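So you know, we letter chains A, B, ... as the sequences are listed, proteins then strands, and number each from 1. If you're wondering where the values come from, they're calculated on a predicted model, not measured in any experiment.
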Number of protein chains: 2
Amino acid sequence: MKNYSRQREAILNVLRSTDTHPTAGWIYERVREQIPNISLGTVYRNLTALSQSGDILSINVGDGQEHYDGDNSSHLHLRCKCCTKISDIALSLDPFARLALENGFKPEASVYVVHGICEKCIQNKI
Amino acid sequence: MKNYSRQREAILNVLRSTDTHPTAGWIYERVREQIPNISLGTVYRNLTALSQSGDILSINVGDGQEHYDGDNSSHLHLRCKCCTKISDIALSLDPFARLALENGFKPEASVYVVHGICEKCIQNKI
DNA sequence: CCCAAATCAGTAATGATTACTATTTTATTA
DNA sequence: TAATAAAATAGTAATCATTACTGATTTGGG
């Protein structure tokens, strides 16, 4: 394990203990329960550092806010445009990482998002 | 063909005649060459409408700006974190659309981005 | 031609993110 | 351990892409 600051550890723990894809603001509120005077800037700085180091994934679904994912294994995101929920679908292998390599590209992080309508919202629309 | 306004047609044409993935600001500058007094708000409004109708794709790579893609066929994006260039890799079929359907999710638009380092930048780093 | 709905240009407001600075914490070296 | 350098932080101010708003203009159906 690397030697992370108390703040960075707390941020990482918050992300590891949820299966949602929270924003910086949400993470900030959670971490404040442990470190009440943590700065929002610190949260942003550490989220950036953590995604650069590959500990977490940074996901942008086009809603104006960055989302973060504590799960750095390869998976697909299904984002419902109706309820805005993001579901994860585990992938046994990453089909596009290979394709990237074949094109001389060194892959580091993959973000796969399918936008559409989830089962629940389809039913509610009837 | 649908009956689009002159502004929307011009915006769509700009996007159809480039293989880059421009931002709203870039598109605005291009369209202004034809319609000098077009409003930036009009560009944003039409880009939103065009991506909702499926004419174009809206891509967010986490650089703080939305990118737009005139190619709405299924393809993979390789984004170099070094030179920020986005390359397209055509996909004969969309492997994740099927996966989405199997999970009761109705797919409408897919955005696949692999972040990493491109061939050119790897060589320049030596 | 007339009217209602849609779209527009121009501008102001929003809000997520970043930049900045003085202070505190951590690591290093002797 | 003490001194010092380097890194990280809290708090706040600034940025800037995007959205909201408003009054004018365009469009399309009857």
Side-chain angles (χ1 to χ4, degrees), chain A residues 1-15 20-53 55-69 79 81 84 86 111 115, chain B residues 1-15 20-53 55-69 79 81 84 86 111 115:
Chain A
M1 280 299 137
K2 290 156 198 164
N3 201 9
Y4 287 160
S5 72
R6 189 168 72 104
Q7 286 85 346
R8 187 171 301 180
E9 286 288 1
I11 290 164
L12 190 53
N13 279 337
V14 165
L15 264 170
T20 65
H21 305 77
T23 63
W26 190 92
I27 296 164
Y28 173 56
E29 292 303 330
R30 284 293 164 288
V31 175
R32 280 223 286 182
E33 294 165 7
Q34 296 174 248
I35 309 174
N37 70 330
I38 192 171
S39 172
L40 182 56
T42 298
V43 173
Y44 273 104
R45 183 164 20 80
N46 282 298
L47 286 171
T48 302
L50 285 167
S51 36
Q52 275 172 359
S53 62
D55 288 299
I56 65 174
L57 204 62
S58 175
I59 304 166
N60 203 307
V61 294
D63 65 347
Q65 281 176 272
E66 201 73 21
H67 293 254
Y68 298 90
D69 192 338
R79 198 226 177 213
K81 64 162 65 172
T84 76
I86 302 172
V111 182
H115 298 265
Chain B
M1 280 302 137
K2 290 155 199 166
N3 200 10
Y4 287 160
S5 71
R6 189 167 73 101
Q7 287 86 346
R8 189 172 299 182
E9 285 289 359
I11 289 164
L12 189 53
N13 279 336
V14 164
L15 263 171
T20 64
H21 306 76
T23 62
W26 190 92
I27 296 164
Y28 174 58
E29 293 303 331
R30 284 292 163 289
V31 175
R32 279 222 286 183
E33 293 165 8
Q34 296 174 246
I35 309 173
N37 69 331
I38 192 172
S39 172
L40 183 56
T42 298
V43 173
Y44 273 104
R45 182 163 21 79
N46 282 298
L47 286 171
T48 302
L50 285 167
S51 37
Q52 276 173 359
S53 62
D55 289 297
I56 65 174
L57 204 62
S58 176
I59 304 167
N60 203 306
V61 294
D63 65 348
Q65 281 176 273
E66 201 74 20
H67 294 254
Y68 297 91
D69 192 338
R79 199 228 176 210
K81 63 162 66 170
T84 75
I86 302 171
V111 182
H115 299 265

Which atoms of nucleotides 21-24 of chain C (N or O only) lie under 3.5 Å from a protein N or O atom, and what are those distances?
none

### Query
Roughly how far apart are I35(A) CD1 and Q7(A) CD, rounded to 0.5 Å?
5.0 Å
### Query
Got a second to check how far D69(A)'s CG is from S51(A)'s OG, nearest 0.5 Å?
11.0 Å
### Query
Reckon S5(B) has a side-chain N or O less than 4.0 Å from the OP1 or OP2 of dC8(C)?
yes
#### Entry: Given V31(A), L47(A), T20(A), the one that forms side-chain contact (heavy atoms from CB on, under 4.5 Å) with L15(A)
L47(A)
### Query
Side chain of H21(B), backbone of H67(B): donor and acceptor closer than 3.5 Å?
no
### Message
Please find the pair of heavy atoms, one from Y28(B) and one from I38(B), that lie closest to each other, and give the distance.
### Response
CE1-O, 3.4 Å
### Query
What residues in residues 22-31 of chain B put a non-hydrogen atom under 4.0 Å from any atom of DNA chain C?
none
### Query
Under the side-chain hydrogen bond (donor to acceptor under 3.5 Å, both in side chains) criterion, do T42(B) and R45(B) qualify, and how do the steps go?
CA-CA 5 Å; T42(B) 298; R45(B) 182 163 21 79; 3.2 Å; yes
### Query
Within less than 4.0 Å of OP1 or OP2 of dA9(C), is there a side-chain N or O belonging to Q7(B)?
yes
### Message
Taking any atom closer than 4.0 angstrom to a non-hydrogen atom of chain A, what span of DNA chain D does the protein reach, first nucleotide to last?
### Response
dA8(D) to dG11(D)
### Query
What's the spacing between N13(B) CG and E9(B) CD if we round to 0.5 Å?
6.0 Å
### Task
Working to the nearest 0.5 Å, report the span between CG of D63(B) and CD1 of I86(B).
7.5 Å
#### Entry: Verdict with reasoning, T23(A) to E66(A), per side chain to side chain contact (heavy atoms under 4.5 Å, CB included)
CA-CA 6 Å; T23(A) 63; E66(A) 201 73 21; over 6 Å; no
### R32(B) bridged to E29(B) by N-O distance under 4.0 Å
yes
### Minimum heavy-atom distance between D55(B) and Y4(B), given as atom pair plus value
OD2-OH, 2.7 Å
### Nearest-Å distance for atom pair OH/P, residues Y4(B) and dA6(C)
16 Å
### Message
How long is the straight-line distance from CG of L50(B) back to CG of L57(B), given to the nearest 0.5 Å?
### Response
12.0 Å
### Task
Kindly give the heavy-atom pair with the smallest separation between Q34(A) and V14(A), and that separation in Å.
OE1-CG2, 4.3 Å
#### Entry: Taking every non-hydrogen atom, the tightest pair across R8(A) and A49(A)
NH2-CB, 3.6 Å
### Message
Within residues 59-67 of chain A, which residues have any heavy atom lying less than 4.0 Å from an atom of DNA chain D?
### Response
none
### Task
Note down the inter-axis angle between the two ends of the helix from dC1(C)-dG30(D) to dA30(C)-dT1(D), five pairs each, to the nearest 10°.
40°
### Task
Considering non-hydrogen atoms only, spot the tightest contact between G62(A) and N60(B) and give its length.
CA-ND2, 4.4 Å
### Query
What are the two closest non-hydrogen atoms of L40(B) and A24(B), and how far apart are they?
CD1-O, 4.4 Å
#### Entry: For atom CZ of R6(B) and atom C1' of dC8(C), their distance in whole Å
11 Å
### Query
In residues 35-49 of chain B, which residues come under 4.0 Å of DNA chain C by heavy atom?
N37(B), I38(B), S39(B), T42(B), R45(B), N46(B)
### Query
What distance separates K81(B) NZ from Q52(A) CD, expressed to the nearest 0.5 Å?
6.5 Å
